[in-house]
J.: 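The structure under discussion is supplied below as structure tokens; questions concerning it will follow.
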Amino acid sequence: MKTKKISHVGIAVKSLEAALPLYRDVLGMEFEGTEEVAEQKVRVAFFISGESRIELLEATSDDSPVAKFIEKNGEGVHHLAYEVDDLSAAIAALQGQGVRLIDTEPRRGAHGTSIAFLHPKATGGVLTELCQPGKH
Ligand SMILES: C[C@@H](C(=O)O)C(=O)SCCNC(=O)CCNC(=O)[C@H](O)C(C)(C)COP(=O)(O)OP(=O)(O)OC[C@H]1O[C@@H](n2cnc3c(N)ncnc32)[C@H](O)[C@@H]1OP(=O)(O)O
Ligand SMILES: [Co+2]
């Protein structure tokens, strides 16, 4: 498996609306819009940063991974996402290397991507997402 660029950095926030001015008006980043990703129980907002993005994540329910994360750690960096060309092949390669995965099948991510998470216990405490654009 070979990762390409950093697709995005996911940041857990309590409220997208409250966090938006920092990224758009203080840091001066281009705001791409918001989207709900029901399967992940999040609402996300994207900002463009060069060839990568910042993904703000707001929980849409109490049992959302993001709600649990904020309860435990407060707001902050939640995950790193790398782009891959072929997510199914990447998952198979990781399984072949015995890497602990959260998702053994591609799931639907934001703006039509296919995504899969590696377990933070397998990645030195960094929740890691693989992301294939325009697949789902
Ligand atoms: C929209 C989409 C997209 O980009 O397109 C997204 O990004 S969706 C983004 C939101 N979706 C996700 O995050 C889906 C993948 N995440 C998950 O399945 C879950 O959050 C897990 C990572 C498996 C953790 O859930 P679990 O119920 O096990 O919670 P837990 O608090 O008991 O955590 C188990 C251990 O993992 C650690 N842990 C939990 N979340 C972590 C995180 N974000 N980064 C690093 N470590 C983390 C905890 O501290 C704990 O370690 P200790 O045992 O040492 O205390
Ligand atoms: Co993400």
Side-chain angles (χ1 to χ4, degrees):
M1 196 250 311
K2 196 166 180 181
T3 57
K4 298 169 76 184
K5 64 178 188 175
I6 291 178
S7 161
H8 61 267
V9 178
I11 299 178
V13 299
K14 290 180 183 162
S15 157
L16 293 186
E17 281 64 34
L20 209 139
L22 170 67
Y23 290 89
R24 188 189 52 196
D25 306 329
V26 179
L27 297 174
M29 294 167 73
E30 187 183 333
F31 173 53
E32 248 191 340
T34 61
E35 180 182 337
E36 181 167 347
V37 182
E39 191 185 4
Q40 297 292 334
K41 298 178 179 161
V42 292
R43 213 156 64 85
V44 297
F46 279 97
F47 298 84
I48 296 171
S49 180
E51 61 170 17
S52 303
R53 290 183 171 82
I54 296 294
E55 177 188 60
L56 301 184
L57 302 147
E58 176 191 86
T60 54
S61 77
D62 290 346
D63 62 346
S64 163
V66 169
K68 278 192 178 178
F69 178 88
I70 289 179
E71 200 179 306
K72 201 167 168 182
N73 309 287
E75 295 180 305
V77 175
H78 180 262
H79 65 269
L80 260 184
Y82 300 100
E83 189 172 309
V84 294
D85 280 332
D86 184 341
L87 183 60
S88 298
I91 289 171
L94 291 169
Q95 285 180 314
Q97 290 169 301
V99 177
R100 183 173 172 192
L101 300 174
I102 294 171
D103 304 303
T104 52
E105 293 199 347
R107 296 185 180 279
R108 171 182 259 289
H111 46 69
T113 58
S114 274
I115 63 172
F117 283 91
L118 282 66
H119 199 280
K121 294 292 174 199
T123 51
V126 180
L127 178 59
T128 301
E129 173 188 338
L130 301 179
C131 182
Q132 179 180 347
K135 173 114 182 298
H136 246 102

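In listed order, ligands and their atoms are each counted from 1.
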J.: Looking at Gly109, which atoms of ligand 1 are within less than 4.0 Å of one of its heavy atoms?
T.: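 Those qualifying, in numeric order: 5 (O).
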J.: Please tell me whether Leu16 and Phe46 are part of a single hydrophobic cluster in this structure, the criterion being side-chain heavy atoms less than 4.5 Å apart.
T.: no
J.: Closest to the Co ion (ligand 2), which N/O/S atom of Glu129 is it?
T.: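 Minimum-distance N/O/S atom of Glu129 relative to the Co ion (ligand 2) is OE1.
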J.: Give a yes or no on whether Arg24 atom CZ has more than 12 heavy-atom contacts from other residues, nucleotides or ligands under 6.0 Å away.
T.: yes
J.: For a 4.5 angstrom cut-off between non-hydrogen side-chain atoms, does Gln40 reach Arg108?
T.: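 Sidechains of Arg108 and Gln40: no contact.
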J.: Do you see an N/O/S atom of His79, backbone or side chain, under 2.8 Å from the Co ion (ligand 2)?
T.: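 Short answer: yes, at least one N, O or S atom is under the cut-off.
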J.: With a 4.0 Å cut-off, strictly under, does atom 4 (O) of ligand 1 pick up any protein heavy atom?
T.: yes
J.: Counting only non-hydrogen atoms of the protein, does one fall under 4.0 Å from atom 32 (O) of ligand 1?
T.: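 Given the 4.0 Å cut-off, atom 32 (O) of ligand 1 does not count as touching protein heavy atoms.
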J.: For atom 25 (O) of ligand 1, is some protein heavy-atom partner under 4.0 Å away?
T.: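 Protein heavy atoms within 4.0 Å of atom 25 (O) of ligand 1 - there are none.
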J.: Given salt bridge (Lys or Arg N to Asp or Glu O under 4.0 Å), test Arg43 with Glu58 step by step and report yes or no.
T.: CA-CA 5 Å; Arg43 213 156 64 85; Glu58 176 191 86; 3.1 Å; yes
J.: Please write down residue, atom name and distance for the protein heavy atom closest to atom 43 (N) of ligand 1.
T.: His78 O, 3.0 Å
J.: Considering the heavy atoms of Pro65, write down every atom of ligand 1 situated less than 4.0 Å from one of them.
T.: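 Contacts of ligand 1 toward Pro65, numbered from 1: 11 (N), 12 (C), 13 (O), 20 (O).
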J.: Does Lys14 form a salt bridge (Lys or Arg N to Asp or Glu O under 4.0 Å) with Glu75? I'd like the steps, not just the answer.
T.: CA-CA 7 Å; Lys14 290 180 183 162; Glu75 295 180 305; 5.3 Å; no
J.: Need the atom name: nearest N/O/S atom of Glu55 to the Co ion (ligand 2).
T.: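 Closest N, O or S atom of Glu55 to the Co ion (ligand 2): OE1.
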J.: What's the atom name of the N, O or S in His8 nearest to the Co ion (ligand 2)?
T.: NE2
J.: Hey, is Ala110 touching ligand 1 through its side chain, its backbone, both or neither, going by heavy atoms under 4.0 Å?
T.: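 Under 4.0 Å from ligand 1, Ala110 contributes backbone and side-chain atoms.
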J.: For atom 14 (C) of ligand 1, grab the closest protein heavy atom and report residue, atom and distance to one decimal in Å.
T.: Gln40 OE1, 3.3 Å
J.: Can you hop from Leu87 to Val99 via hydrophobic side chains spaced under 4.5 Å?
T.: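 As far as the 4.5 Å side-chain criterion goes, Val99 and Leu87 are connected within one cluster.
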J.: Would you verify that at least one protein heavy atom lies under 4.0 Å from atom 47 (C) of ligand 1, or report that none does?
T.: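 Yes, there is one.
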J.: At what distance is the nearest protein heavy atom to atom 21 (C) of ligand 1, and which residue and atom is it?
T.: Ile102 CD1, 4.2 Å
J.: With heavy-atom distances below 4.0 Å as the criterion, list the atoms of ligand 1 near Phe69.
T.: 42 (C), 43 (N)
J.: Just need the protein heavy atom nearest to atom 50 (C) of ligand 1, so name the residue and atom and give the distance.
T.: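 Scanning the protein heavy atoms, the shortest distance from atom 50 (C) of ligand 1 goes to Lys72 NZ, 3.5 Å.
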J.: If you have a sec, work out which protein heavy atom is nearest atom 35 (C) of ligand 1 and how many Å separate them, to one decimal?
T.: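 The closest heavy atom on the protein side is Lys121 CE, 4.0 Å.
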J.: What atoms of ligand 1 come closer than 4.0 angstrom to any heavy atom of His79?
T.: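 Within the 4.0 Å cut-off of His79, ligand 1 contributes 7 (O), 9 (C).
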J.: Indicate if the distance from the Co ion (ligand 2) to the nearest N, O or S atom of His78 falls below 2.8 Å.
T.: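 False for His78.
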